[in-house]
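Residue numbers begin at 1 in each chain, while the letters A, B, ... track the order of the sequences.
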2 protein chains.
Amino acid sequence: MVSTRPGERVTMEHVAARAGVSRALVSIVFRGVAGASEATRERVLAAARELDYRPDTRASRLGSSRTRTLGVAFSVGHAFHGDLLESLYTHADGAGYELVLSGVTPSRSEEAAVETLLAERCEGIVLLGSSQGAGRIESLAARVPVVSVLRPVPGGGVGVVRTDDAAGLRLSVEHLRGLGHRRIALLDGGRTAGAAERRRGYRTAMRRSPALTEMVLPGGVSELEGADAARSFLALGARGRPTAVAAFNDRCAIGFVDVVRQAGLRVPRDVSVVGFDDITEAGYPHVSLTTVHQDAERLGSETVRTLADRLDRGPAGPASPPPVVVEPVVVEPSLVVRASTAPPASRGASS
Amino acid sequence: MVSTRPGERVTMEHVAARAGVSRALVSIVFRGVAGASEATRERVLAAARELDYRPDTRASRLGSSRTRTLGVAFSVGHAFHGDLLESLYTHADGAGYELVLSGVTPSRSEEAAVETLLAERCEGIVLLGSSQGAGRIESLAARVPVVSVLRPVPGGGVGVVRTDDAAGLRLSVEHLRGLGHRRIALLDGGRTAGAAERRRGYRTAMRRSPALTEMVLPGGVSELEGADAARSFLALGARGRPTAVAAFNDRCAIGFVDVVRQAGLRVPRDVSVVGFDDITEAGYPHVSLTTVHQDAERLGSETVRTLADRLDRGPAGPASPPPVVVEPVVVEPSLVVRASTAPPASRGASS
DNA sequence: AGATGTGACTAGAGCGCTCTAGTAGTGAGA
DNA sequence: TCTCACTACTAGAGCGCTCTAGTCACATCT
């Protein structure tokens with residue numbers, strides 16, 4: 001007889017005893033596989049409910065050959081990573097996987113985060129906006145399937161799911177050109193993931209039309225760098241300034257707009273600004289930033305699909321798997337037009 | 001003989017064989033406990049390194065009577081939760097615990113998040129800014145030690161670690177009164193965790209001095225609500241407006257400032273604004289928001305201390321533990337004075 | 001010499017599940 | 001009546017660790 005004194009942990013054994021069946025049957029019921037009659041199934045679930053039993057995930061993962069978990073290394077407090085996680089949770093669930101999160105903070109490196117995911121024996125690993133060197137990511141990918149989200153890794157050994165950054169900036173530039181702008185500056189993102197691609201997209205779009213004048217303002221990832229860039233923009237003087245700015249991301253754009261407005265200029269009358277990402281804030285009425293929308297939902301679903309395809313296919317057994325080359329998945333961005341862009345004011349005209 | 005063909009998972013057994021010792025000894029070395037000579041310890045670690053072995057956390061937690069894990073339910077993408085997580089990671093590590101994260105998203109409820117933490121058999125649970133009813137939190141706390149961070153839960157059954165919200169708003173009001181303001185409005189937080197306390201602090205501080213005029217602007221948690229509040233503020237007309245605003249939080253304050261500036265008013269000349277939280281953005285030069293600093297570092301350390309004290313004390317055995325009543329831990333906030341506050345302009349004077 | 005420690009190490013029984021192989025029991029087909 | 005297939009269920013051997021209860025060799029004290 002199995003006792004169930006309060007305070008003692010309740011296991012499958014207890015549920016089995018209470019329902020009058022074997023442990024194995026309880027396992028069958030909780031895994032939701034065939035092999036139990038409807039009546040028994042309900043009797044087991046009732047017993048479990050009465051005992052407030054829930055299966056121990058540590059034990060079930062240990063017992064089974066598959067852990068069916070995907071590890072995610074993400075930056076805590078990063079708004080867009082939050083959007084991605086939401087999507088990852090949904091689609092992992094749909095594909096029958098669980099997510100194990102590992103946070104990256106200023107004092108907890110991405111390497112450390114990945115280390116705990118490996119120790120949990122996650123079957124696949126998702127890196128959100130990784131800042132590790134390509135070499136490190138590749139050697140990780142040699143051990144376990146990896147998808148790098150937002151951050152391209154060349155070579156094909158690493159799964160990549162990202163937005164078409166270059167296309168995004170082309171959208172920005174074309175929108176501004178369509179409004180009549182000629183002097184369009186890039187508010188650059190420096191060395192951040194995706195920044196090089198966006199720079200390339202900007203250049204390509206600008207060179208398509210000989211009437212356009214290129215100009216790059218050093219920027220960065222946050223409002224802070226956007227604000228700094230605004231100060232150099234202002235220092236150019238009214239005649240030297242571009243009439244429009246295509247920013248590396250929304251936060252940077254928002255910082256830029258803030259400072260420019262504080263200096264007495266008006267957006268979009270005096271300068272048009274386009275962001276990138278479409279973070280929640282960009283849609284607030286008082287911000288109303290025209291921006292390039294990154295599809296977090298889609299990025300998440302493609303990430304899970306890539307990993308699940310690979311994991312569910314191969315037996316993943318001792319037979320050395322063929323050197324898999326994964327095609328990068330590129331998600332098309334779209335332009336969301338709001339109130340931060342307008343045709344350029346004719347020089348000298350006011351109001 | 002234990003083979004180590006590539007592709008096969010490497011276990012303690014393999015490391016033991018390679019180092020020429022027993023499994024138990026490898027376990028001793030990896031747990032860092034006494035019982036192995038220095039020479040053997042190094043031999044084992046070398047063998048592990050060569051095999052790229054890392055202990056399986058699922059198995060070690062299963063094998064040991066303690067899991068030494070703390071579960072954290074947090075909102076993904078929430079900046080201040082990010083700061084708290086950073087601190088929690090650091091202090092949990094220091095106390096010998098590991099963190100298991102479970103994200104709350106619009107489509108993944110806090111209840112679901114907690115459910116997975118229980119299934120992982122976390123020894124203690126941390127809720128960041130919980131939005132569950134007090135009843136649910138209490139019944140959870142009856143099962144496992146719980147600390148609710150930022151969100152007070154009366155009764156003493158649930159551990160609470162929070163900022164002294166009332167004191168924070170008193171700091172705001174006193175700072176503004178000291179600058180000479182008399183008409184000080186509260187930019188309210190509605191039903192959010194902590195909002196009621198802050199409202200109370202505001203009222204207390206205002207009533208201390210008969211010269212002060214109370215005024216409450218309905219607000220909320222984000223820039224959006226701050227912006228809305230700014231519009232009702234502007235609608236009051238120049239003579240009816242308060243000269244200063246104490247906001248429920250920084251994001252709300254930032255939205256307020258944005259709209260007020262776009263309407264042509266100047267901050268702090270026309271209206272002083274104080275925030276709450278001291279999020280990173282508040283410190284950016286172009287924002288430079290005077291605010292009440294919440295000590296994320298301290299909130300995190302107290303949370304871990306509360307839980308670790310309780311877990312490391314009791315044998316947690318079948319002997320029913322005494323009904324523990326936990327004193328709430330209240331962390332004092334501090335005022336950070338920046339450039340969004342100044343003495344009120346004398347009516348009618350323009351600078 | 002014998003008793004007594006002590007440090008280094010091992011055997012082996014769990015931990016709470018999963019999952020393969022196998023045992024009833026039932027009804028249908030020959 | 002005897003297969004045969006099929007459903008409902010169980011026994012029991014893992015999964016990769018932890019941890020108690022040892023064993024063994026060697027030094028220390030009387």
Side-chain angles (χ1 to χ4, degrees), chain A residues 2 4 8-17 19-44 47-48 51 53-69 96 98 118-123 315-318, chain B residues 2 4 8-17 19-44 47-48 51 53-69 96 98 118-123 315-318:
Chain A
V2 189
T4 329
E8 185 173 292
R9 22 186 175 174
V10 20
T11 75
M12 228 167 220
E13 191 80 50
H14 299 108
V15 178
V21 296
S22 68
R23 271 172 30 246
L25 223 235
V26 178
S27 173
I28 285 170
V29 170
F30 272 93
R31 278 178 293 142
V33 301
S37 69
E38 196 47 45
T40 313
R41 198 171 287 272
E42 272 167 21
R43 205 146 38 82
V44 167
L51 296 175
Y53 166 79
R54 79 202 80 226
D56 186 327
T57 55
R58 302 165 305 169
S60 48
R61 286 176 194 160
L62 226 210
S64 112
S65 57
R66 306 268 317 257
T67 63
R68 301 206 70 90
T69 56
E98 260 182 277
L118 291 175
E120 292 272 359
R121 301 296 189 264
C122 293
E123 294 185 37
Chain B
V2 188
T4 329
E8 185 174 295
R9 24 185 172 175
V10 20
T11 75
M12 226 165 223
E13 190 79 50
H14 299 109
V15 177
V21 296
S22 68
R23 270 171 32 246
L25 225 233
V26 178
S27 172
I28 285 170
V29 170
F30 272 93
R31 278 177 294 142
V33 300
S37 68
E38 198 46 47
T40 314
R41 199 171 287 273
E42 273 167 20
R43 204 146 39 83
V44 167
L51 296 174
Y53 166 79
R54 81 202 80 224
D56 185 326
T57 54
R58 302 167 305 169
S60 50
R61 285 176 193 159
L62 226 210
S64 115
S65 57
R66 306 268 318 256
T67 62
R68 299 207 71 89
T69 54
E98 259 181 279
L118 290 175
E120 291 274 356
R121 300 295 188 264
C122 293
E123 294 186 37

Between [N] atom [atom2] and [X] atom [atom1], what is the distance in whole Å?
{"X": "B:Arg68", "N": "D:dC17", "atom1": "CZ", "atom2": "C1'", "result": "17 Å"}
{"X": "A:Glu13", "N": "D:dG12", "atom1": "CD", "atom2": "C1'", "result": "13 Å"}
{"X": "A:Glu42", "N": "D:dA8", "atom1": "CD", "atom2": "C1'", "result": "16 Å"}
{"X": "B:Tyr53", "N": "D:dG16", "atom1": "OH", "atom2": "C1'", "result": "7 Å"}
{"X": "B:Asp56", "N": "D:dC17", "atom1": "CG", "atom2": "C1'", "result": "7 Å"}
{"X": "A:Arg121", "N": "D:dG16", "atom1": "CZ", "atom2": "P", "result": "9 Å"}
{"X": "B:Arg9", "N": "D:dC15", "atom1": "CZ", "atom2": "P", "result": "8 Å"}
{"X": "B:Arg66", "N": "C:dG16", "atom1": "CZ", "atom2": "P", "result": "15 Å"}

Before you tell me yes or no, could you show the steps for A:Arg121 and A:Leu118 under side chain to side chain contact (heavy atoms under 4.5 Å, CB included), namely the whole-Å CA-CA distance, both residues' side-chain angles and the distance that decides it to 0.1 Å?
CA-CA 5 Å; A:Arg121 301 296 189 264; A:Leu118 291 175; 5.6 Å; no
Taking the side chain of [X] as its heavy atoms from C-beta onward, which of [options] lies nearest to it?
{"X": "A:Ala24", "options": "C:dC19, C:dT18, D:dC17", "answer": "C:dC19"}
{"X": "B:Thr11", "options": "C:dG16, C:dC19, D:dC17", "answer": "D:dC17"}
{"X": "B:Leu25", "options": "D:dT18, D:dT10, C:dT10", "answer": "C:dT10"}
{"X": "A:Ser65", "options": "C:dC19, D:dG16, C:dC9", "answer": "C:dC19"}

If you measure from CZ on A:Arg66 to OG on A:Ser60, what distance do you get to the nearest 0.5 Å?
13.5 Å
Using 0.5 Å steps for rounding, measure from the CZ atom of A:Arg61 to the CZ atom of B:Arg61.
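Answer rounded to 0.5 Å: 9.0 Å.
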Would you say [X] places a side-chain N or O within less than 4.0 Å of OP1 or OP2 belonging to [N]?
{"X": "B:Thr40", "N": "C:dC9", "result": "yes"}
{"X": "A:Arg31", "N": "C:dC19", "result": "yes"}
{"X": "B:Ser22", "N": "C:dT10", "result": "yes"}
{"X": "B:Ser37", "N": "C:dC9", "result": "yes"}
{"X": "B:Ser27", "N": "D:dC17", "result": "no"}

Under 3.5 Å, is there an N or O donor on one side and an acceptor on the other linking the side chain of B:Arg23 and the base of D:dT18?
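Between D:dT18 and B:Arg23, which were checked side chain against base, a qualifying N/O pair under 3.5 Å is present.
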Which residue, A:Leu62 or B:Ile28, contacts DNA chain D at a nucleotide closer to its 5' end, judged by nearest heavy atom?
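Result: A:Leu62.
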Quick one: on DNA chain C, does B:Arg43 or B:Ala59 contact a more 5' nucleotide (nearest heavy atom)?
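First, find each residue's nearest nucleotide; the 5'-ward one identifies B:Arg43.
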Quick one: does A:Asp56's side chain get under 4.5 Å of A:Thr11's, heavy atoms only?
no
Verify, without hydrogens or angle tests, whether A:Glu98 (side chain) and A:Thr69 (backbone) share a donor-acceptor contact under 3.5 angstrom.
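Here the side-chain-to-backbone pair does not exist.
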